[in-house]
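Report on the following structure.
Positions are given from 1, in the same order as the sequence printed here. The structure displayed is predicted, hence computed values, not measured ones. Indexing begins at 1, ligand by ligand and atom by atom, following the structure's order.
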Amino acid sequence: MSTTLAQHAVSRNDFAQSVKQQADIVRVIGEYVRLKKAGAQNYTGLCPFHGEKTPSFSVHATRQFYHCFGCGVSGDVFSFVQKLENVSFPESVKIVAQKCGIPLPKREFSSTEEAAESRQRTKLLDLHERAATWFEAQLQSPEGAAAREYLTGRGVSRETIQKFRIGYAPDSFQGLRSVLEKLESPETLRLSGLFSFKQQEDGSPGPLYDKFRRRITFPIANESGRVIAFTARELETGAAASGNEKAGPKYLNSPETPLYSKGQVLFNLDKAKQAIRQLKFALLVEGQMDCISVYTAGIANVVATSGTAFTEHQARLLRRFTNQIVINFDPDTAGAAAAEKSIALLTEEGFEVRVVTLDGGLDPDRFIRERGIRAYAEALREARRHSDFLIERARTLYPPRNPEAKIAAVNFLLPHIRRMPNLIARTEFAQDAAQKLGIDSAVMREELKVAAAKRRDSVAPMTGTACSEAERVLLRALSLPLDEEMFQRAAEAVESNPELFAGLGVAHLLEPLRLRSEHGPMVAVEPGAGQALLAEILMKEEGALEAHDLDAAIATLRQHHLQQRQRALRSEIADAERRNDQQRVLTLTAEKLSLDRLLRQA
Ligand SMILES: [Zn+2]
């Protein structure tokens, strides 16, 4: 057993290595981040792991790693996919292999546990697919008449129903169950989140029954368009008419399952992502119905949060496509509060946010139905900067009639001002606020100014300039693949004359690089300043390293070391002479003479 497991591990590592060698890291990362060529072998873009407006995220094409000079993340193509897709290492290998068209080895790839997990996912995806198809069929059945009527009443066309796979969950406790229980075990059905059950007295789960009943169903898809959950809207008329049932929530969502986590999905992202890239902004609305009606009216770059405040994870999802967002939430109190929360998160993550408030207190769905898509597109163009929206909101919440209200309004705005990453934008925001709220108090103005001036901020300055050209060359050589001659020469030099290098600023990087295993150089050095320095050096490489560069660099470092020793000896000799220690003077002078000889030879 243990030998087979070990063999698995070995062949898996071999496979990962070979995928890594064949994969083009720039192409793979380029699918997630817009990259621009920045040097001979490096590309830059906006970091998907922290909010920023100027690119500090770099990818090295030949050395096959990425590094962000803003937040310090580093790694190879697998760790990138792992972090962004939130998957395990083996899964990341699989994804990269598929992206690069490298066939997967059949059996030995997965451990038993991973295989079980992936079988489980496949089953759950399959159940969701079948559920979606079944709901779709129910909508077209006689029982779905009321639901069809409702949809028609809201202007949802047949094409839209097909495109979004809108369906109907009939008023039955075992409609869906009777279909799916033939396919999978009760345990798998329970994990799917499509069913409810009551806990028995002994703590075990009771029999399963359909979770969604008398509801219009909207599938929620992952980024690749597979159904992973549902949100379901109650049929207003029916619930009121039947009267014998407790009215449930207006919208009922799938619970958290192995496939679905609410804060990690954006409704419609699968259909919208291409348009978001092209139009360079995303339109964010609150609910599925808004999203669907905006999308079908012809605005394709729209996504919805599914009725929750925006999460960090969702921000990261979006950042891969754009850093500009237009928010159009409901104008009611809850909507305004949600907009405010989302603005806070998004500006902190470095997004440029604008806000649409529609005339007449309408939500996007009704606005489009009543006034048409042209009027809506016009409203989008007139979206206000988020700072204007917030100042307006401060004025509504605390009408600036007296000094106390003005203080309250300023206090409402201060955290929003502090949150913005950009100094100029903060200053502008603070000045606008002072003006529009009519702040004449010197103290309040000062407070605003201070909020604008400081933010915990920002990118730490680089230390690369502290490092000499010779040190750079040495580090570049030590970062080459282990079987390259230049690596071996550099490693040998460091190993045989450690004293030559001990005094260097980069001394602490030499041993980790020299003694590293097959993993890349960035993995070998500790995260932090050393890693940032190495990344900077490697990103700035122009062309391949030549043997004579390395020889010259080692010679220079040696000379520096000897000169340093020479200076030290001079003062030691002077010292010994003062103490009249003739023996010591002799020894030191002998050493100095041989040093002088060495330096003359160099
Ligand atoms: Zn970063």
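Tested against Asp432 for a salt bridge (charged side-chain N to carboxylate O under 4.0 Å, His left out), the candidates Arg426, Arg395, Arg385 yield a single pass: Arg385. The residue from Val302, Asp330, Leu283 that alone fulfils the side chain to side chain contact (heavy atoms under 4.5 Å, CB included) condition with Pro364 is Asp330.
Using a 4.0 Å cut-off between charged side-chain N and carboxylate O, Arg489 and Glu492 make no salt bridge.
Using modelled atom types and a 3.5 Å distance limit, the side chains of Asn253 and Tyr260 yield no donor-acceptor pair. If you check the side chains of Ser74 and His67, you find a donor sitting under 3.5 Å from an acceptor.
Less than 2.8 Å away from the Zn ion (ligand 1), the protein contributes these N/O/S atoms: Cys47 SG, His50 ND1, Cys68 SG, Cys71 SG.
A donor-acceptor distance shorter than 3.5 angstrom exists from the side chain of Lys37 to the backbone of Gly39, with no hydrogens or angles considered.
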